[in-house]
Structure formats: C-alpha cells, structure tokens
Amino acid sequence: MSRKLYIETVGCQMNMLDSELVVASLRKEGYQLVGAPREADTILFNTCSVRQHAEDKIYSALGRLKHAKTRHPDKIIGVLGCMAQKDQRLIFERAPFVDLVVGPGQLHQIPELLRQIAAGGGRQLEVSLDRTAGSRQEVEQSFESYDPLRDEQMRPTPYQAFVRIMIGCDKFCTYCIVPAVRGPEQSRPPEQIEAEVRKLATEGCREITLLGQTVNSYRHTAGGRATRLADLLYLLHDISGIDRIKFVTNFPKDMTDDLLHAVRDLPKCSHYLHVPAQSGSNEVLRRMKRGYRAEEYREMLARIRQTIPAAAVTSDFIVGFCGETEDDFQATAALVRESRFKNSFIFKYSPRPSTKADSLFADDVPEDVKRRRNNELLAIQNAISEEDNQAFLGRRVEVLVEGPSKSSRKQAADGDVLQLTGRTNCDRIVVFEGNRRLIGQLVPLLVYDANAFTLFGSVITQHVGPEVYELALAPDRF
Ligand code: SAH
Ligand code: SF4
Ligand code: F3S
C-alpha cells in the first residue's frame, strides 16, 4: 500500500539535510510526498530547539493535529530531531496523540519504527544518551551520523547538495542547546565524504556545501595522520563535475591560516565565510564561554580580509544575553559597524533549559530592550549590506542558477522565460530574467540594481558591448 507522507522542517541546514534523507528513505519504502498534513497519513515534524520560538511553533502545529488524529486514528504523527532528543517523553505528555519520537542520532530507524506502529506496536521512542549518561565512547555511539547513500531522484535540486562532514559539538557555549541535542563532536572519515561527493558529481551536482556545527574544527585521525578541513578541501577540489564548494558554520578560534590559504588557492572554493561573532563585548563573550575576546575576532577578520580580500563574511549575533548592558550592546554595534559583514543573523537571547547560562545567569534583559537592540543592530547591518551591494552595480558576476525566484511573476505570461535566482561565488543572491534551461548552469550576469538583500542582473550575451550594458541598466525591461 502506498502511504502519503507530509514532513515539516524547521532549524538549520543539518535539519534540512536530515529531512531530505528521511524522505528519501521513506520513498524507497513506497511513501509518496504530499504538500499538506490533511492529505497525509504519516505526518512528521523535524524540529529545532535552539530558541523557545522554534519549539513553540512545533507544539502549536502539533496542537492543530489533535482533532485530525481523533477523526483518523490511523494517521501516524512523528516528532524528529533536536526537540525530540531534548523533550523525549515530555512530547507524549504534551501531545498524547503523537506516535513517534526520534532523536537526530536514530533517524535511520524511522522506516522500521513506522512499520511497528502501523502493525499495532504502539508508541515508539528512540533517542540518544544524555551527554553525562555514559562514557564518551558510549555517548558517541548513541549518536549515529545519518548518511545513507544519496538517491539522485530525491534531492530537492539536482545541482546542489549539503554534505555532512561532522556531527555534534563540543564547544558548549553557555547559551546553546546544540551540544546536548546533537551530541559529541565526531568527524566523518574523509574517504566516506569523498565517495559521497563523487557520487553526487556523477549525478550532476555542481555545488556542495559541507556541514558541521563548527565545520572548521573538522579533524579525522586515522593511522596516526590527521585530516583537517583544509586537507579535505584539497581532496574534494579534485573531483571533476563539482564547480563550487562552500562550508558552514565556522568557529572563530579555528579559522587557521591553512584553511584561509586553501580557500584562496582553490578556485572552486566560494569566497564566503560564515563566522559568527555572537557579541562584541568581552564581558558577554566570557559569560557566553566563546573562548575568544573581541580583539581576537577582529584579528581573525583582518587575516581573512588580508588573505581573501573579496571574501564575503557573515555573522550571527545574540542580543539581550544575560547581564548585557547598554555599553555591551554598543560594543556589539561597533563591531557590526566596522566589520562590514555581508549580512548578520540577529537573535534575541532565549534561555534554554539545562544549559550553563540558564543555571548560572538570570535572563535579566527585558523583552522590549531585546527587541530594540535587535532592530537597532539589524538597521546598522542592513545599511552596510545595501551599501556594499551597491558596489556591484555595473559589475559582472557569475551565478549558479538555483531556480525560479520566489515571485516568478513572468512565468505564466512568457512560458519558458521567467524570473530566476542564482548565487554568486560570494553567496550573494541575484535575481534575473532568463530561460528555465539556465537552471543548474553557471551564468554570467551584469548587475543593474541592488538592495540590502538582493542584486538584480541580466544575462550577458557572448559579446558584451555598451549596448548590452545599457539594456541591462534599463529597469523597465523587468
Ligand atoms: N554552530 C553554529 C550555529 C549554532 S545555532 C555556531 O556555532 O555558530 C545558530 C545560532 O543561533 C547561533 O550562532 C546563535 O547566534 C543562535 N543561538 C544559539 N543559541 C541561542 C539561544 N539560546 N538564544 C538565542 N540565540 C541562540
Ligand atoms: Fe552552539 Fe557554540 Fe556549538 Fe555553535 S559552537 S553549536 S553556538 S555550542
Ligand atoms: Fe536547531 Fe538542532 Fe540545528 S537545535 S539549529 S536544528 S542542530
């Protein structure tokens, strides 16, 4: 019997990859993906616990399914991922109609667990050990990297793919739930990663994004020899068919010169580095246990700029962390002003149970102050993003075309010509008009407009003369 699967995913790229792999494994079992919960007989949520808001979203989505489950008791409802690992049985208490709870370390068991539920085996719960519930080795073993062989037909776009190079995190920043829910840091063997990328390349994949919570801490030791991220980049760079290599997320202290040199010297490496600073105040950084001072972050940024002058650097910030004063916040604002990040993700501090910050410090910055600081920082960053994007006006960029743009308004009218989006080598989004045949290709564009978030371009035909340039600048063509 064919079963209909609906899956909703929140959280980071790790979760997006996990969902893709879970969907692939279930399609192999005959499941068919549908677009709405009411059409599905199996409903899965792949969840995130990084902030309270992400959890609230899932609990209210679950709440909305209560009646559906009463009416159709055969519907199977499952909660996967980080919140499954964090809340475990609590999920059954808060949402008694949930059938399945599976942590990020047990995703490979999902087909079997669903079979058991369908056969009347009752509720199923599979999670990893808590970080203090056993020896390091035992806890590591309870978090299994989920990397089944990819299926060409089942990737969301055939030209791009996430590739996990490590799981877990050992940094234990005091505000962060990730080390608890994703387990100990473990790097995958380079041969496995290489084999996966080779397979992706033969399937037509042109861009890979290597994933790790602290991707530049990657270290795999075998036979007394350590492979670091820089070595891995050299290894993967040789694979023909792959044109672009990106990696996220970097930890500031592990941004070695070796790695920067590899990015500079390997033409396929994107000149794009996501290196979250979190705060510009030393006092706050110390309470966050980030392991660096603001001046060390600045020094690292200077090394990046010196080695790869065109690099686009992006960052994350938390505002309103425990005890953050106005002066602390101004120190963060100063860092954002001077660093000229391509963009910054800004979050209001959200206390997470069982983290150090939650047990040691009071969440004492009022919500309205958090909100104001968030908006203020965002305004500073957006002004910089817009200014730096303006510098692209009239410039030629090369994009990997990802697909139709969100508001692909020309689609209906013009058939094959539609609004497309692509990304530059420095990860900037460019919207342009073109034939859908361009999807998946590297295409040269001329930029004629820009705002804080997007560049607008037009396809450069083979002979670029001044006429083409003028045409590109005429916005009424769009
Ligand atoms: N491993 C990555 C990403 C971690 S989660 C890293 O080290 O940067 C993504 C972002 O969420 C973090 O960079 C941080 O800015 C934010 N974040 C994490 N915990 C948070 C919390 N408790 N409250 C608010 N934001 C948080
Ligand atoms: Fe969380 Fe820090 Fe690890 Fe990033 S490095 S996942 S912020 S503990
Ligand atoms: Fe969220 Fe888990 Fe990613 S907590 S940010 S989905 S690792």
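Counting starts at 1 for both ligands and their atoms, in listed order.
Listed by atom number, the atoms of ligand 2 under 4.0 Å from Phe172 heavy atoms are 8 (S). Set against the non-hydrogen atoms of Val178, the atoms of ligand 2 under 4.0 Å away are 6 (S). The Arg290 neighbourhood of ligand 2 comprises atoms 2 (Fe), 7 (S), with distances under 4.0 Å to a heavy atom of that residue. Here is the list of ligand 3 atoms found below 4.0 Å of a heavy atom in Cys48: 1 (Fe), 4 (S), 5 (S), 6 (S). For ligand 3, the atoms lying closer than 4.0 Å to a non-hydrogen atom of Asn15 are 6 (S). Residue-ligand proximity, Gln213 to ligand 3, at heavy-atom distances under 4.0 Å covers atoms 7 (S). Listed by atom number, the atoms of ligand 2 under 4.0 Å from Thr214 heavy atoms are 5 (S). For ligand 1, the atoms lying closer than 4.0 Å to a non-hydrogen atom of Arg352 are 22 (N).
For Lys348, the closest heavy-atom approach to ligand 1 falls below 4.0 Å. For Arg182, the heavy-atom gap to ligand 2 stays at 4.0 angstrom or more. Heavy-atom distances between Ile318 and ligand 1 reach below 4.0 Å in at least one pair. Assignment of Met14 to the shell around ligand 3 is not supported, since no heavy atom sits closer than 4.0 Å. Ligand 1 does not have Phe251 within reach: every non-hydrogen atom of the residue lies 4.0 Å or more from it. Within the structure, the closest approach of Val178 to ligand 1 does not fall below 4.0 Å when heavy atoms are considered.
Atom CG of Leu273 and atom NZ of Lys342 lie 11.0 Å apart (nearest 0.5 Å).
The part of Cys169 lying near ligand 2 is the side chain, judged by heavy-atom distances below 4.0 Å. Only the side chain of Cys82 comes within contact range of ligand 3, with a heavy atom under 4.0 Å; no backbone atom does. With a 4.0 Å heavy-atom cut-off, ligand 1 is reached by the side chain of Phe347 but not by its N, CA, C or O. Of all the heavy atoms of Pro179, the ones lying under 4.0 Å from any atom of ligand 2 belong exclusively to the side chain. Using a 4.0 Å cut-off between heavy atoms, Arg51 contacts ligand 1 through its side chain alone, with no backbone atom that close. Counting heavy atoms under 4.0 Å from ligand 2, residue Tyr175 touches it through the side chain alone.
Given atom 2 (Fe) of ligand 2, the protein heavy atom at minimum distance is Cys173 SG, 2.3 Å. Looking only at heavy atoms of the protein, atom 4 (S) of ligand 3 is closest to Ser49 N, 3.3 Å. Distance from atom 22 (N) of ligand 1 to its nearest protein heavy atom, with residue and atom name: Ser350 O, 2.8 Å. Of the protein's non-hydrogen atoms, Val50 CG2, 3.7 Å is the one closest to atom 5 (S) of ligand 1. In this structure, the protein non-hydrogen atom closest to atom 4 (C) of ligand 1 is Gln213 OE1, 3.9 Å. Considering only non-hydrogen protein atoms, atom 19 (N) of ligand 1 sits nearest to Tyr175 CD1, 3.2 Å. The closest protein non-hydrogen atom to atom 15 (O) of ligand 1 is Gln278 OE1, 2.7 Å. Nearest non-hydrogen protein atom to atom 1 (Fe) of ligand 2 is Cys176 SG, 2.3 Å. Of all protein heavy atoms, the one lying nearest to atom 8 (O) of ligand 1 is Pro276 CG, 3.2 Å. From the protein, the heavy atom lying nearest to atom 3 (Fe) of ligand 3 is Cys12 SG, 2.3 Å.
Using a 30° and 60° split on the angle between ring planes, Phe345 and His274 fall in the perpendicular class, above 60°.
Of all heavy-atom pairs between Asp99 and Phe92, the closest is C-CE2, 4.1 Å. Between Val336 and Phe341, the shortest heavy-atom distance links the atoms CA-CE1, 4.3 Å.
Salt-bridge annotation for Arg206 and Asp243: present, with a side-chain N of the basic residue lying under 4.0 Å from a carboxylate O of the acidic one. Taking the charged nitrogens against the carboxylate oxygens, Lys370 and Asp363 do have a contact shorter than 4.0 Å, which makes a salt bridge. Using a 4.0 Å cut-off between charged nitrogen and carboxylate oxygen, Glu296 and Arg290 do not count as a salt-bridge pair. Taking a cutoff of 4.0 Å between a charged side-chain nitrogen and a carboxylate oxygen, Arg182 and Asp18 qualify as a salt bridge. A salt bridge links Glu196 to Arg188: one of the charged nitrogens lies within less than 4.0 Å of a carboxylate oxygen. The residues Arg219 and Glu185 are annotated as not salt-bridged, no charged nitrogen and carboxylate oxygen being separated by less than 4.0 angstrom.
Looking only at atom types and distance, the side chain of Ser145 has a donor-acceptor partner in the side chain of Asp147 under 3.5 Å away. Between the side chains of Asn382 and Ser385, no donor-acceptor pair of N or O atoms lies under 3.5 Å. Under the 3.5 Å distance criterion, with hydrogens and angles disregarded, no donor-acceptor pair is assigned to the side chains of Thr9 and Asn15. With no hydrogens or angles considered, no side-chain donor-acceptor pair links Arg298 and Tyr292 at under 3.5 Å.
Of the candidates Val215, Val275, Asp316, the one placing a heavy atom closest to atom 10 (C) of ligand 1 is Asp316.
Residue-environment remark: CD (Gln137) stays at or below the threshold of 12 foreign heavy atoms within 6.0 Å. In the displayed structure, Arg89 atom CZ is contacted under 6.0 Å by at most 12 heavy atoms of other residues, nucleotides or ligands.
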Handout entry: Full working for side chain to side chain contact (heavy atoms under 4.5 Å, CB included) between Leu400 and Arg423
Key = CA-CA 6 Å; Leu400 178 66; Arg423 271 175 205 265; 5.8 Å; no
